[in-house]
Amino acid sequence: MTVPQDRAMIETAALDWIVRQRDPDFDDWDGFTAWLEADPAHAEIYQAMAAADADMDALVEQAEPLALPVPANDVGRPSRRWAMGAVAAALVGVISIGIFYPRADPWSVETRPGERRQIALADGSRIILNGDTRVTLDRRDPRIATLERGEAMFVVHHDESDPFEVMAGEARLVDVGTAFNVRRDGAALDVAVSEGAVLYNPDAEAARIDAGTRLRVIAGADRYEFVPIDARDVGGWREGRLVYDGQALSVVAADLARYYGVRVAADAAVRGRPFRGVLTLPRREAMASLAPVLGVAISPRGDGWVLSSPQ
């Protein structure tokens, strides 16, 4: 089957974005967004190829390793970037004949601790994943996402006739023209809205979370509370900024671990202490510089860091 040149060119560009986003140092999100918005076909084709890429990741993880010949002048192991380039090149061939177009089953995107990733959906919506996060999407209904764990920012293209929904444990969140951040740690849930509004469990509590408001579901307490916030702070982790209004230092430690990709713990003496303030995150090796702001000592321990009472 002959693929029209314009579609082939779009597929090539989409593939280039997928490969570039594999690089942990990738930061051209403005350019990527501009490319998506330039033509509706860009988002449609990118989503199909990103889904195929996710499938290929799973296939590679499950398959037996191949014994590939190593060039005589290459005594090391092939880099991941080279390997992904080879996989990407292979994808061009199979996607062009339609083998990897979306199937009617769920697919997941997962980030490692310290890794951040953006998913562009065909309707123009975006999901930005923080570190150590897993989101599941359904090809049968692209307007539903499930946050299995971690933290994600949802920038939703609103459609009143077909609202976007996020499932997080037992909770159901429905958009009302929305940009919002969701953090899930076990039974604890935190939803902060920067634009529009979100309905929390519309068939039960039907609690409306407006812009500039955070809803917290208290783990084990079977209740929730509203907290006023600055809408500009929602999803601040994307710019290396964390804002707290009384969360325990154990929560702060978990957020630092998710962001930096190393183990961070608060010891028993400080873990329940509340913190209010703004953390502008330095490089990982300079994490101890946060100690005066948090009012704790931050020391390396094993393969991570520990927050403790100052001496």
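Index from 1, following the sequence. All values derive from a computational prediction rather than experimental measurement.
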- Message: Quick one, Val166 and Asp175 - any side-chain contact, counting heavy atoms below 4.5 Å?
- Response: no
- Message: Rounded to the nearest 0.5 Å, what separates atom CZ in Arg284 from atom CG in Leu256?
- Response: 12.5 Å
- Check for a donor-acceptor pair, side chain of Ser125 on one end and backbone N or O of Asp123 on the other, with a separation under 3.5 Å. no
- Item | salt_bridge(Glu148, Arg134) N-O dist < 4.0 Å | no
- Task: Could you please spell out the steps behind the salt bridge (charged side-chain N to carboxylate O under 4.0 Å, His left out) verdict for Asp132 and Arg112?
- Result: CA-CA 5 Å; Asp132 195 19; Arg112 301 180 301 274; over 6 Å; no
- Task: With the side chain counted from C-beta on, respond yes when Arg258 and Pro113 share a heavy-atom pair under 4.5 Å apart, and no when they do not.
- Result: no
- Message: Let me confirm one number: the CG-CD distance from Leu129 to Glu151, rounded to the nearest 0.5 Å.
- Response: 10.0 Å
- Item | Shortest non-hydrogen contact between Ala288 and Ile298, atoms and distance | CB-O, 3.9 Å
- Message: Atom CD of residue position Glu225 - does it have more than 12 heavy atoms of other residues, nucleotides or ligands inside 6.0 Å?
- Response: yes
- Say whether Phe226 and Val191 are linked into one hydrophobic cluster, either directly or through other cluster members, by side-chain heavy-atom distances under 4.5 angstrom. yes
- Would Trp237 end up clustered with Val135 when hydrophobic side chains under 4.5 Å apart are linked, directly or stepwise? no
- Item | Member of Val243, Ile229, Val193 meeting the side-chain contact (heavy atoms from CB on, under 4.5 Å) criterion with Val234 | Ile229
- Item | Closest contact, heavy atoms only, Ser309 versus Arg273 | OG-NH2, 4.1 Å
- Item | Over 12 non-hydrogen atoms of neighbours within 6.0 angstrom of CZ in Arg271 | no
- Minimal heavy-atom distance between Ala286 and Pro282, with the atoms involved, is O-CG, 3.4 Å
- Any link between Tyr244 and Val293 through a network of hydrophobic side chains (Ile, Leu, Val, Met, Phe, Trp, Tyr) touching at under 4.5 Å? yes
- Student check: side-chain heavy atoms of Arg276 and Gln247 closer than 4.5 Å: no
- Query: Is the backbone of Arg117 close enough, under 3.5 Å, to the side chain of Thr111 for a donor and an acceptor to pair up by distance?
  - Reply: no
- Message: Rounded at 0.5 Å granularity, tell me how far CD1 in Ile144 sits from CZ in Phe164.
- Response: 9.0 Å
- Is there a donor-acceptor contact under 3.5 Å from the side chain of Ser194 to the main chain of Ala179? yes
- Task: Find out if a path of hydrophobic residues (ILVMFWY) with successive side-chain heavy-atom gaps under 4.5 Å connects Leu242 to Leu189.
- Result: no
- Task: Assess the side chains of Arg241 and Thr280: does a donor N or O sit below 3.5 Å from an acceptor N or O?
- Result: no
- Query: Do Asp303 and Arg263 touch side chain to side chain, with heavy atoms closer than 4.5 Å?
  - Reply: yes
- Task: Please assess Arg149 against Glu110 for the test salt bridge (charged side-chain N to carboxylate O under 4.0 Å, His left out), listing each intermediate value before the final yes or no.
- Result: CA-CA 9 Å; Arg149 72 169 190 276; Glu110 187 169 4; 2.5 Å; yes
- Work out which heavy atom in Ala253 is nearest to a heavy atom in Val264; give both atom names and the distance. O-CB, 3.5 Å
- Item | Closest heavy-atom pair and its distance - Pro274, Gly246 | CB-O, 3.5 Å
- Task: If the plane angle is over 60° it's perpendicular, under 30° parallel, otherwise tilted; pick one for Tyr224 and Tyr200.
- Result: perpendicular
- Item | Charged N-O contact under 4.0 Å between Asp190 and Arg214 | yes
- Of the options Val109, Val155, Val182, Leu137, which is the one that meets Ile127 in a side-chain contact (heavy atoms from CB on, under 4.5 Å)? Leu137
- Message: Tell me whether Arg183 contacts the main-chain N or O of Ala188 through its side chain, where contact means a donor paired with an acceptor under 3.5 Å.
- Response: no
- Do the non-hydrogen side-chain atoms of Phe154 and Arg126 ever get within less than 4.5 Å of each other? no
- Message: Is it the case that the side chain of Thr178 and the backbone of Val176 share a donor-acceptor pair, with hydrogens and angles ignored and the cut-off at 3.5 Å?
- Response: yes
- Message: What's the separation between atom CG in Leu173 and atom CG in Asn201, rounded to the nearest 0.5 Å?
- Response: 7.5 Å
- Determine, step by step, whether Leu290 and Val252 satisfy the side chain to side chain contact (heavy atoms under 4.5 Å, CB included) criterion, reporting the C-alpha distance in whole Å, the side-chain angles of both residues, the deciding distance to 0.1 Å, and the verdict. CA-CA 11 Å; Leu290 298 173; Val252 177; over 6 Å; no
- Task: Please lay out, stage by stage, how Asp267 and Arg301 fare under the test salt bridge (charged side-chain N to carboxylate O under 4.0 Å, His left out).
- Result: CA-CA 12 Å; Asp267 70 17; Arg301 179 179 295 177; 5.4 Å; no
- Before giving the answer on salt bridge (charged side-chain N to carboxylate O under 4.0 Å, His left out), spell out for Asp141 and Arg143 the whole-Å C-alpha distance, their side-chain angles and the decisive distance to 0.1 Å. CA-CA 5 Å; Asp141 190 345; Arg143 300 286 288 175; over 6 Å; no
- Item | Test side chain to side chain contact (heavy atoms under 4.5 Å, CB included) applied to Leu199 and Glu165, step by step | CA-CA 9 Å; Leu199 289 179; Glu165 298 184 14; over 6 Å; no
- Message: Rounded to the nearest 0.5 Å, what separates atom CG in Asp255 from atom OH in Tyr260?
- Response: 11.5 Å
- Message: A quick test of your reading: do over 12 heavy atoms of other residues, nucleotides or ligands sit less than 6.0 Å from CD of Glu170?
- Response: no
- Message: Walk me through whether Asn130 and Asn181 qualify under side chain to side chain contact (heavy atoms under 4.5 Å, CB included).
- Response: CA-CA 10 Å; Asn130 200 351; Asn181 191 83; over 6 Å; no
- Task: Using the rule that two of Ile, Leu, Val, Met, Phe, Trp, Tyr join whenever any of their side-chain heavy atoms come within less than 4.5 Å, decide whether Leu215 and Val251 are in one cluster.
- Result: no
- Message: Walk me through whether Met153 and Arg238 qualify under side chain to side chain contact (heavy atoms under 4.5 Å, CB included).
- Response: CA-CA 9 Å; Met153 182 77 185; Arg238 293 172 296 166; 4.0 Å; yes
- Task: Anything under 30° is parallel, anything over 60° is perpendicular, the rest tilted; go ahead and classify Trp35 against His42.
- Result: parallel
- Report the distance from atom CE of Met287 to atom CG of Leu307, rounding to the nearest 0.5 Å. 8.5 Å
- Task: Looking only at non-hydrogen atoms, find the nearest pair between Ser108 and Thr136 and report the distance.
- Result: OG-OG1, 2.7 Å
- Is the closest side-chain heavy-atom distance between Pro142 and Leu121 below 4.5 Å? no
- Item | Trp107 side chain to Asp138 side chain, donor-acceptor N/O pair below 3.5 angstrom | no
